[in-house]
Number of protein chains: 2
Amino acid sequence: MKKKSIKDIAQDLGVSKTTVSFVLNKKGDEKNISKKTQKVILDYIEEVGYQPNQIAKSLKNGTTNTIGYLVPDISNPFYAKIGRMIEDLLWEKGYHLLIGSTDEKKEKEELLLNMFVNRQVDGLIIASCFIKGDVLKSLSRQNFPMVFFDREDPEFLANYILVENKNPMKEAIQKTIDKGAKKIGLLSITPDVYSLKLRIDGYKQALTDNALEYDENLLRIVDYNHIKESAQKELKYLIEAGVDVVVFTNNQITATAIWLMNMHYPEKVKEITFVSFDNLDIFDYSMPRVISIAQPIMSIARQSVDILEEVIKNKESKNTRIELKPKLIER
Amino acid sequence: MKKKSIKDIAQDLGVSKTTVSFVLNKKGDEKNISKKTQKVILDYIEEVGYQPNQIAKSLKNGTTNTIGYLVPDISNPFYAKIGRMIEDLLWEKGYHLLIGSTDEKKEKEELLLNMFVNRQVDGLIIASCFIKGDVLKSLSRQNFPMVFFDREDPEFLANYILVENKNPMKEAIQKTIDKGAKKIGLLSITPDVYSLKLRIDGYKQALTDNALEYDENLLRIVDYNHIKESAQKELKYLIEAGVDVVVFTNNQITATAIWLMNMHYPEKVKEITFVSFDNLDIFDYSMPRVISIAQPIMSIARQSVDILEEVIKNKESKNTRIELKPKLIER
DNA sequence: ACGATTTAGTAAACCGATTTAGCAAAACCG
DNA sequence: CGGTTTTGCTAAATCGGTTTACTAAATCGT
């Protein structure tokens, strides 16, 4: 017994497709379908367990009630948690989430974007590694509903939900300097991403504000494709250089470094302080001590959904830029 | 300049939709379209940046190249990581992932399942909280391509990718008993899930094997809807009861308990040992010491995808049941 | 009782692709 | 040169819904 379509139902009951469609969409009264016919149809629907084909609906309506969520890695807790909140917020509005992880690769990002667009998603929520790519440019020109979060390209006008980067990073580092830090290193993944660059700027600013020498050898870049090995090498460099504070530009790299410290330098975990952009629960008790900058995950999700909903409704793009304040967690 | 359809292209070039469609699908030669016409069409396609409407394709073909991934919580690292691997594996085969989090709620699970089916997903990968529900039963009757992982219902025949539960749990606990553990408590979320029940059985078995008394007061159930508060209460109970080992049935509850121990009982973290089904990186260095049972995440993802692909291809369901071996990590 | 309105419903076009069946012109064959 | 085959292309049906335009019968108003 294969699945029934509206046509089958109409035939079985000896009415027209139109009538069935009206009743299914609760337009029975409005369209003058008699109560009796309505009941017959509804009962039969119930009996055979009819389920509408959303694909057909989407084709006709031109809307899929699906949103694309494009991030570097959906299994990174930051993106996973925001994704989960977005899922819940959209669920209430009848939307669902199609996901894609870019691995910070431009090529994959563009393939995924095209895939999303081909599937007629109604909108996109994106943490892009390469905002100025052709596909995004072209979508932007067409006023395709999009909201960018976590990362921006200042030369690309769009809807952004961001978190202040430079100052909070500077202030977090200042706390360690106030407590006597003298030699401060930094570990980051690719600084090509503008938001990460701003965080690094905050680091530099903190140093110069305090008349500490900025030694570019203490700014180490980790290879995203081999995080563990690369971080191990760079962390070793910093420790041997005698730093008392290490700064990280995102949670993933901090978590890796905490693990590395405990595995390879357990005797040093008490002497060194970490500063992390992004927060994780484990920072509450892990060693080394971590001063972290917690991003307002819930707000990011909520604002992204709100703005996206707005641009989907009013086809005009407004290029809203919202900058949220992160929270400094000392410890 | 709105998006062009095949019809527009055909009109613009003065050929038929059929011809355009053939060329787009690389059937030009086979269908005797002259090289010249093919080139004209391909060039024009390129020029206007034509993108096919997947929704229309799907409606006609009856296949969406989309798989539904249904889990209790996509932001739980276990499901997030498996999801990510599945995403990558499916990506190579041209499939994409639609996600849904059930929050262990039967009602939400069934709404999501219907949503997935309505959207005509080609298959489902599911960690279900309620396998015997009506929707799954009905899908199973229709031979809908599905693979279940992480959780099973022994009375429900289906494709399962599982991990052995009882014995590994028993053996992990045995290690602590060998080292002198006397009073062993357990913390779990809902034991209605059969796999969790098996883990709990392993716990009971370990006790009886060693002639330790099984005290059901030491088996504490945490409310999934208020994990932190509830875990705090139950953990407190166990600690005050004087346990020297606490066993957990999944990573989420272990992570919560580690945090609670460090926050509320820092003086006890050295005296107590944790046993956790599921592993997390932090267990490598966190206190209390954790003996964990690491699930073979990569294999789970790979097998799920392989089996699903198979059942999608051969519409017959085979009800394969694969049980993988987890790995004990002592520390 | 007769025209106007309301009730109850339907046929057909449409969304954007794929695919079957078929047609006209050109090329081939003996 | 007449018949067959090949080449090059197209009209129309289809997937499963929604929606517009329309009709026939019943009811209403006077």
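Keep in mind it's a predicted model, so treat the numbers as computed, not measured. We name chains A, B, ... by the order of the sequence lines, and we start the count at 1 in each one.
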Original post:
Should the pair B/Arg321-B/Glu323 be classified as a salt bridge under the 4.0 Å nitrogen-to-oxygen rule?
Top reply: yes

**OP:** Using a 4.0 Å cut-off on protein heavy atoms (strictly under), produce a 5'-to-3' string for nucleotides 10-20 of chain D with B for base contact, S for backbone-only sugar-phosphate contact, and - for none.
**Re:** BBB-BBBBBBB

Subject >> Electrostatic pair B/Asp88-B/Lys93, nearest N-O below 4.0 angstrom >> reply: no

**OP:** Taking the side chain as every heavy atom from C-beta outward, state whether A/Asn53 and B/Arg119 have any pair of such atoms under 4.5 Å apart.
**Re:** no

Original post:
Do B/Arg84 and B/Glu87 meet the salt-bridge criterion of a basic N to acidic O distance under 4.0 Å?
Top reply: yes

**OP:** Figure out the CG/P separation between A/Asn32 and D/dC22, and round it to whole Å.
**Re:** 18 Å

**OP:** Could you verify whether a donor N or O on one side chain and an acceptor N or O on the other, from B/Thr63 and B/Asn61, lie under 3.5 Å apart?
**Re:** no

Subject >> cation_pi(A/Lys27, A/Phe22) dist<6.0 Å, angle<=45 >> reply: no

Original post:
Heavy-atom distance under 4.5 Å between the side chains of B/Tyr44 and B/Val15, does that happen here?
Top reply: no

Original post:
If you walk 5' to 3' along DNA chain C, what is the first nucleotide with an atom under 4.0 Å of a heavy atom in chain B, and what is the last?
Top reply: C/dG16 to C/dT20

**OP:** Classify the nucleic acid contact of A/Thr37 as base, sugar-phosphate or nothing, counting any heavy atom under 4.0 Å across all strands shown.
**Re:** sugar-phosphate

Original post:
Are B/Asp8 and B/Tyr50 linked by a side-chain donor-acceptor pair shorter than 3.5 Å?
Top reply: no

